[in-house]
2 protein chains.
Amino acid sequence: MAPTHDPQLLKGVLSLLLLRLLAERESYGYDIVQRLRALGLSDISEGSVYPALARLEREGRVQTRLVASRSGPARKYYRPTAAGTRALAEGTTSWLSLVAVVHPVLVRRPPDPPTSPEDT
Amino acid sequence: MAPTHDPQLLKGVLSLLLLRLLAERESYGYDIVQRLRALGLSDISEGSVYPALARLEREGRVQTRLVASRSGPARKYYRPTAAGTRALAEGTTSWLSLVAVVHPVLVRRPPDPPTSPEDT
DNA sequence: CACCACTACTTGACATCGCCAGGTACCTGG
DNA sequence: CCAGGTACCTGGCGATGTCAAGTAGTGGTG
């Protein structure tokens, strides 16, 4: 079964992921997309990442520098600022809080599914 | 400290929560709002819940019935349909998948300024 | 009786943000 | 020169949470 990936579920979490990945290692958009996919977010699209990165920069959470590449156009490397690191910490707290609320609710025993138990 | 509740993080999860709460016990909008708040989502607003409930109904995931009340206007009780139960199961899987990807990334040790390459 | 608070539900305008599609540009190899 | 991979950006769209305001029924208070 496909994960039936709901775009909505990613809302807000993406920028957190971006900040985190950038905090672990400075990198550029194209690379971030690949790292995200390698992490399991195979459906992630560039059209989500680049705008998110741009937003982060506009908000002063990351800073950039251009670095020429041997295999294509110049890469724009992103790195979190102090504000970005702070935002990451706060966002992580929010995420954890949400998970702490949602998870226990969703993971209780199934409440008598009135349908066939053999759905595949 | 304030939970710094990011509205975006709730996207998509709310309908899942509603479906789950409804699966556990048939109830009406106003009651759902209270249950959500009791669960810790204190910032949830009616303006989020009612439209979400209406959407769920429009999508055939819940069915409703009106019940007169002695303490105010009639209550609209919601209850998941078979499709709703199915959607709940699928949505829960999606949520779990997302958490499985996001959580480990966010919960690694706090990133110091990326300057020590001697980290294992 | 008028007014207000609480219960309940609905709706419209608004903002955010991921996605799709399309576009620009650089570089290497045939 | 062309094809294809690398790399980045933008416009328009759609989904959905929030705010604010509106409609209504019920009961308590002055």
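All chains are named by letter (A, B, ...) in the order of the sequence lines, taking the proteins before the strands, and each is independently numbered beginning at 1.
- Between the side chains of A:Thr81 and A:Arg61, not a single donor N or O lies within less than 3.5 Å of an accepting N or O.
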Where protein sits on nucleotides 3-16 of chain D, one letter per nucleotide: B base, S sugar-phosphate only, - none, heavy atoms under 4.0 Å: ---BBBBB---BBB
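- Taking B:Ala52 as the reference, B:Leu14, B:Leu18, B:Arg55 meet the side chain to side chain contact (heavy atoms under 4.5 Å, CB included) condition, with sequence neighbours excluded.
- B:Pro80 approaches B:Leu19 most closely through the heavy-atom pair CG-O, 4.4 Å.
- Rounding to whole angstrom units, CZ of residue B:Arg65 and P of C:dC9 are separated by 13 Å.
- The CG-C1' distance, from B:Leu36 to C:dA8, rounds to 16 Å in whole Å.
- The line from OH of B:Tyr78 to CD of B:Glu57 is 5.5 Å long, rounded to the nearest 0.5 Å.
- Here the shortest heavy-atom pairing between A:Val105 and B:Glu24 reads O-OE2, 4.0 Å.
- In the hydrophobic clustering (ILVMFWY side chains linked at under 4.5 Å, chained through shared members), A:Leu66 stands by itself.
- Here C:dC17 presents its C1' atom at 11 Å from CD1 of A:Ile44, a figure rounded to the nearest Å.
- Rounded to whole Å, atom C1' of C:dT16 lies 12 Å from atom CZ of A:Arg58.
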